Every structure is written in C-alpha cells, then in structure tokens.
Amino acid sequence: MLQIKNLQASVNGEPILKGVDLEVKAGEIHAIMGPNGSGKSTLASVLAGNELYEVTGGEVWFEGKNLLEMPPEIRAREGLFMAFQYPVEIPGVSNINFLKTALTEIRAHRGLPPLSAREFMQRLKEKQELVEFNASLVNRSLNEGFSGGEKKRNEILQLAMLEPRLAILDETDSGLDIDALRIVANGVNKLRSKDNAFIIITHYQRLLQYIIPDFVHVLYDGRIIKSGTKELAYELEEKGYDWIKESVQASLS
Amino acid sequence: MNKFIFNSFYQYLIDSYPALQEKHDADAPAWPEALLEHKQQAFALFKSQGFPSTKQEDWKYTNLAVPLQQIFHFPAQVTNADLKPALASATIKDADAYRIVLLNGKWQRPLSDPLPDGVHFLDGADALHHYYAEEYFASLADPTGISLVALNTAFVPAFNLLHIQKSTDRPLHIVHIYTSQEAAFLPERLLLVVEEGVRTQWIDSFHQLTSAPVFINYVAEQFLKEQVTMDVFLLNQLLPSAVLFHHSETYLHSQSTYHHLNFSFPGAGFIRNNINARLQGSSSEANLWGLYVGGDQQLVDNHTIVDHQVPNCNSNEWYKGILQDKSTGVFNGKIFVEKGAQKTNAFQKNNTILLSREATVHAKPQLEIFADDVKCSHGSTVGQMNEEALFYLRTRGLSELTARQLLIEAFAYDILSKVQHQAVANHVMQLLRRHLHVESNMLTNV
C-alpha cells in the first residue's frame, strides 16, 4: 500500500528526514516511535503534503501512485488521512458542512454520488456511536471550543466518516487522559480491517497497550534505526531511548 | 495643497444654485421659509469649503479629486425607465418586505407596496410640510459642518420622510434605484422618525440601472424615540461608475437600540459611508456591524462615529473586510465618550483580510474618552488567509478553491450571524458568494 524509499526532507533548509525507508501493507498497523526532535511529525506532515516541508530526496508510492506529486487534497481523495497532533479550530466553518463537503469530494473522486442529507446524518450518527464521540456537532464550528480530548476524538470521527485506506495518527495520544485514550484506541480498533492500514506516531508506549501494532519502528535523527514487533515498544518503555542511541553510535564508530 | 477642492464641478454647482431656487414644480416644490434658511446656510458652507481634499484627516486616503474631476449634471427627468427588472433583482426572496421604490431619490408609488398601518412614507410638498419637518430637518446632520452634507441640504430638491408609528410585522425595504444617460449629480435625503416603543427592521439597498457615472449624495437623519428597537440592513449593490457619499446620523433616545448592518460588495467604484450614532438618551445601545468586500479597483471607505453623550449606554462595533484584486479599504472608527458619560461600555473591532498582494487597507480606530468610569476597547488586525487552516481542510479532500471559499465565508460569518432575519442573511450570503473572486486572487498570489 505504501512504500517509502530513502525519503529526505528539510524545513527552512535544515535537513530533518535523512533517508527513511518504510513499507506498509494493507491490514497492518505500524507504530513509529522516537525521542523528541527525531523527525516523527515531519514524516507525518510530508506524507500529508504540507508545503512547509521540502522533500529533498527519495520517493513515496501510495497504492502504486507517486504520492509526492499529489497536492494534499488528492492524497486525501486517494485514501490518505492524517489525524493532526494539533487540530485547527476554524470558527465559522460548521462541522457538519465541512464533513459533508469533504465526504462529497472524496466520494466524487471514487465515482460515487453524494449522500443525501438523510443518509449523511444517519452515517454520522452511526460513526459517532462507533467512536464514542457524542458531542453535538450540529450548529457548532469546526473544533471551536472543543477541549483537547474532543478535538482528538473529532479527528477519529472524521477518520471513521471518510474511510481512508491509510490513516496516520500523529501523536493522537498527546494530551489525552486515560479514558479518552482508551476511547480513541477503541475507535481505531473498530475501524481497522484487512483492507486498511494505520501508521501510529507516538512518543510513548501507552497508546500501544490499547492498539496492538504489527510492527514498531524507532525513528532517530531522521532515520529508522530499529524495527521490531510490539515487544520493541515495551523494551523502549522500560529502557528509554538512550540504549538505542548508544547502540547506533557504537555501530557507527 | 489646499484642504478644499474647488474644481469645475464645484463651479457648475455654484453657478446652478440661483436658478434652481427660482424654478419649482411637483418634483422640486417650493420650500417653507423655515427650512429654506437651512438651505441657504448650507449653500454658504459648501460655497466656502467646496469638496474636502486629502489634506483633511477624514479624507486622507479617499481622494475625491479623482472621481469628481468631471462635471455631474443635474439629471433630466427620467420618464421611460423600466424599473421592473431592477426591482425584481433587488427583491429579497422570502423576506416578504414592504417595498418602497425610489428612482433617483423620487418615490415610485405604482411600483411600491402598500404600507402597513402606522407606517407613513411622504415625499415632495407632503414631506416638506409635515409637522416633523421643521423640528427635525437639518437638526442632526448639518451641525457636523461637513461640506458634503451641506451640498446635500443646499441642492436636494425635496426630502422623503418615513414615519413609523407602529411596530412592523415584516421588514420595510427601501429600494434605491439610480439611472442616468449622462454623468449625473443625484442628491437624496431621508428624514426618519420612529415613535416610542416601536420595533422595526428595514432594508436599505442601492442599485443602478445604467452605467453612466452618477454621484449619489445621500443623507439620512434618523430619530429613534424611547424604547425603539430598529435594525437597518444596508446593502450596496451599485456599479463601478457610481460615486457614493452616504451619511447617516442616528439619534437615540433613552432605552432605544439601533442595529446597523452595513454590507458592501465589489461594484460601486467609490464608496464613502459615514455611519454615525449619537447616544443621547440613557440606557440606549448602538451596534454597528459591517462587512466590506472589495474588488477590482474599488475604494470602500467606512467612517463611523459612536458618540456616548450620556451615562449607562452600550455600543458594539465590528467591521470586517475582505479585500480582493486592487481594491482599497479605509476604516475609521471613532468612539467619543463625553464628559459625564459614566458607566459607558464601548467596544470596537476591525479585521481585514487581504486576498491579493495588490489590495490595501488603511485602518484607524480612534477613541476619545472624557469620562473615567467606563469600559472601552478597540482592536484592529490586518492579515491574510490562515495557511494552517487551509492545509487542514485540504487534507480532508477539499480543493484549495473550496477550502479558501469556506474560510472566507467563515471570516464573514461573524458579521452575517448578526443579521437577525433569515431571508436577509441568506440573500447577503448569496451576494457574498457572487462577489468573491477567489480563483483569480489565488493565482495572483502564486
């Protein structure tokens, strides 16, 4: 589904990603962990198409298509979704209107007609129940006045509504209390299937107690320096990142 | 450079004045002696001051010398204009308003709707001889000493008088239509008196039939008696050949509330609005909301005054601007809190987004406070499209164009949401959508 080959990117001329390789197949959940400043969020932003990040090398293929050539909206319509670490509040843009427009655009790209108002509201209700996000969205602006937890849950609701093939969760666990964390994780677990895939970017192991990844990768200084299974996450939680940094430095010298 | 402009148009006006005072007919009735005095004083003021130049602080960014370099003549009688299409397009769907149609400032009775009980519209000699004429005419606008108001008083052939004695179930709609075959000077005047306890809403919309240049000089004096609640929705839909000077003065008696919503769109080449509210009765409230959407080479200038003269009054003001293409916006918001006007709450905000590199705004909040127990604030911002929000929307599959449109509408929403009339709000939203040039402005910024 996704092949990242030697991906390099910089921000304001400073290299952040220095050659990332990653392959994600349908049905898989990959966790990307790493210390602060290792390039985790940069990777998510580059995949989503944020123009503030300059891709300086490498390639990314998504479902056989060159992802890096697509503007952000085409990536979304092709089935890529990013749950933001800091979802933006947009006063004056209604939640419902926004979701409806997004869904209509994505369905049109797939050759599907727009949902009727009734079908849409029905689907919204189902998905709200699925992700346990029962805040009233009617007559409310996008994320406006939402708590940190509500914003993250709204991201998962959007994920449920838009049904992407690949979802990237950028530090979705940050700022969540344990109940909200569990609810978000339950949502993801209900949404996972053999046809879709998830990349979960996180600093901590705790989210991975609820969403069991198939693979865990450690990103450090712009490269994936170690990959393993879920046990790697436990090991990191126990030992911290220092032992990996040291082992990398040792192997370099 | 002089503070005043004395150009050939000025000379034409000065030379025309004596003959106009001699010639009377149904459209230009003879004025009663008491009112004539105002006219003469106004003429003397205009004669000495001419038009304001950019040397005057209130006209610093609004250069009248350019649009007024030609002569705008007193128009010939319009006899054969077909107003029905213009009226149809001015009519607001589902508002079910009582329409009062004016052509070049003159009431078109056959095209207007019958007015409800307690609402009276008078023109010509009827207005000049109404019992309120002597009491109120020129008592509010003329004391400002503004030469363009004096120009109106001196040259307007007659004024219209709207007298509202009872609350209205549906809004009134004054449809101002202007037309001319050649460059025309069109002075128009309204005297509005709203009686105690009345609640009313009215739409004030401006339209143009032909593309010949017109200089519209519109002055309104509005008196709200005790406990009146009045909403005014001002919609400017003029054409690029229009030069508009619009001055409204509103006097609020105690416990009255005035909501003024001012919407202008790309179209009229040159707009200068003076929207002034005088809080002269205690516990009165003035709310001035505005949305100016600029486009092409347009200049849109909003000058407002909220004048707190007595204690315990409130005012809120929020003007937002969306400037596209090569348009220029000017905003000046004055708040006066006069000596003794304690317990005043006066708030003002102005935000503008520039959608094109070639658009300009000059914003100036101005607070003059002479009382010590007051709450006043003001804030002014100028910015561009929020790139972070734009990216967020695009990652959800919205095209850049759709995302930009949505964000602009969201920016406008703060003002649109103040329109306490659903059909009018829908109409304004449609006008907004029609006048956004998102695509062409997107390209100029690449």
Side-chain angles (χ1 to χ4, degrees), chain A residues 44-53 70-95 97-110 112 139-144 151 154-155 157-159 161-164 167-168 170, chain B residues 263 289-291 293 318-322 349 351-353 355 379 381 383-420 422 425-426 428-430 432-433 436 438-439 442-443 445-446:
Chain A
S45 297
V46 167
L47 293 178
N50 191 333
E51 285 155 10
L52 294 175
Y53 298 82
M70 301 176 197
E73 58 269 33
I74 301 299
R75 298 180 194 204
R77 294 175 199 171
E78 288 284 334
L80 184 83
F81 181 92
M82 175 161 99
F84 281 70
Q85 183 176 4
Y86 303 109
V88 199
E89 288 192 26
I90 313 185
V93 170
S94 111
N95 265 299
N97 233 342
F98 153 71
L99 255 183
K100 206 161 179 234
T101 310
L103 190 60
T104 301
E105 299 260 15
I106 288 172
R107 286 175 63 88
H109 190 75
R110 295 174 190 169
L112 297 169
N139 292 327
R140 279 185 81 174
S141 290
L142 185 50
N143 289 326
E144 194 187 24
K151 283 181 194 168
N154 198 17
E155 294 289 284
L157 173 66
Q158 290 174 25
L159 196 167
M161 288 295 287
L162 302 179
E163 298 182 330
I168 303 162
D170 185 12
Chain B
F263 296 100
W289 318 117
L291 178 68
V293 183
W318 198 356
Y319 266 69
K320 296 189 97 173
I322 299 167
K349 270 197 279 190
N351 314 105
T352 305
I353 47 171
L355 296 185
T381 65
Q384 285 157 334
M385 188 72 78
N386 179 345
E387 293 293 330
E388 201 191 347
L390 190 60
F391 176 63
Y392 184 86
L393 295 176
R394 291 177 71 193
T395 64
R396 300 302 183 247
L398 275 63
S399 70
E400 187 176 352
L401 185 65
T402 306
R404 282 181 186 272
Q405 256 156 351
L406 207 58
L407 288 174
I408 296 169
E409 286 172 18
F411 179 82
Y413 176 79
D414 291 319
I415 306 303
L416 280 169
S417 64
K418 306 291 185 196
V419 178
Q420 297 298 317
Q422 197 52 52
N426 294 345
V428 174
M429 188 52 147
Q430 278 179 6
L432 172 67
R433 288 189 175 143
L436 288 179
V438 179
E439 200 159 7
M442 215 162 94
L443 298 174
N445 284 331
V446 170

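The structure presented is a predicted model; accordingly, all values stated were derived computationally and were not measured.
Side-chain contact between E388(B) and V88(A) is present, with heavy atoms from C-beta onward closer than 4.5 Å. Contact of the L393(B) side chain with the I90(A) side chain is registered, since non-hydrogen atoms from C-beta on lie closer than 4.5 Å. Under the 4.5 Å side-chain criterion, counting only non-hydrogen atoms from C-beta, Y413(B) is not in contact with P91(A). Considering only heavy atoms from C-beta on, F391(B) stays 4.5 Å or farther from E51(A) through its side chain.
The CG atom of L47(A) lies 12.5 Å from the OG1 atom of T395(B); values are rounded to the nearest 0.5 Å. If you take CZ on R396(B) and CG on L99(A), they are separated by 9.5 Å, rounding to the nearest 0.5 Å.
Among pairs with a residue in residues 73-86 of chain A, those fulfilling salt bridge (charged side-chain N to carboxylate O under 4.0 Å, His left out) read K65(A)-E78(A), E73(A)-R394(B), R77(A)-E105(A), at least two apart in sequence or across chains.
Proximity to chain B is absent for every atom of I74(A), based on heavy atoms less than 4.5 angstrom apart. The contact between T402(B) and chain A is made entirely by side chain atoms (from C-beta outward), counting heavy-atom distances below 4.5 Å. Residue contact with chain A, scored on non-hydrogen atoms closer than 4.5 Å, involves the backbone and the side chain of E400(B) alike. The contact between A83(A) and chain B is made entirely by backbone atoms, counting heavy-atom distances below 4.5 Å. Residue P164(A) does not touch chain B at all, counting heavy-atom pairs closer than 4.5 Å.
The two residues A410(B) and G92(A) make their nearest non-hydrogen contact at CB-C, 3.6 Å.
Considering only residues two or more places apart in sequence or on other chains, Y392(B) meets the ring pair (Phe, Tyr, Trp, His ring centres under 6.0 Å) condition with F84(A).
The neighbour count for E387(B) CD, taken as heavy atoms of other residues, nucleotides or ligands under 6.0 Å away, is above 12.
Between chain B and the residues P87(A), A102(A), P71(A), S141(A), the most heavy-atom pairs under 4.5 angstrom are made by A102(A).
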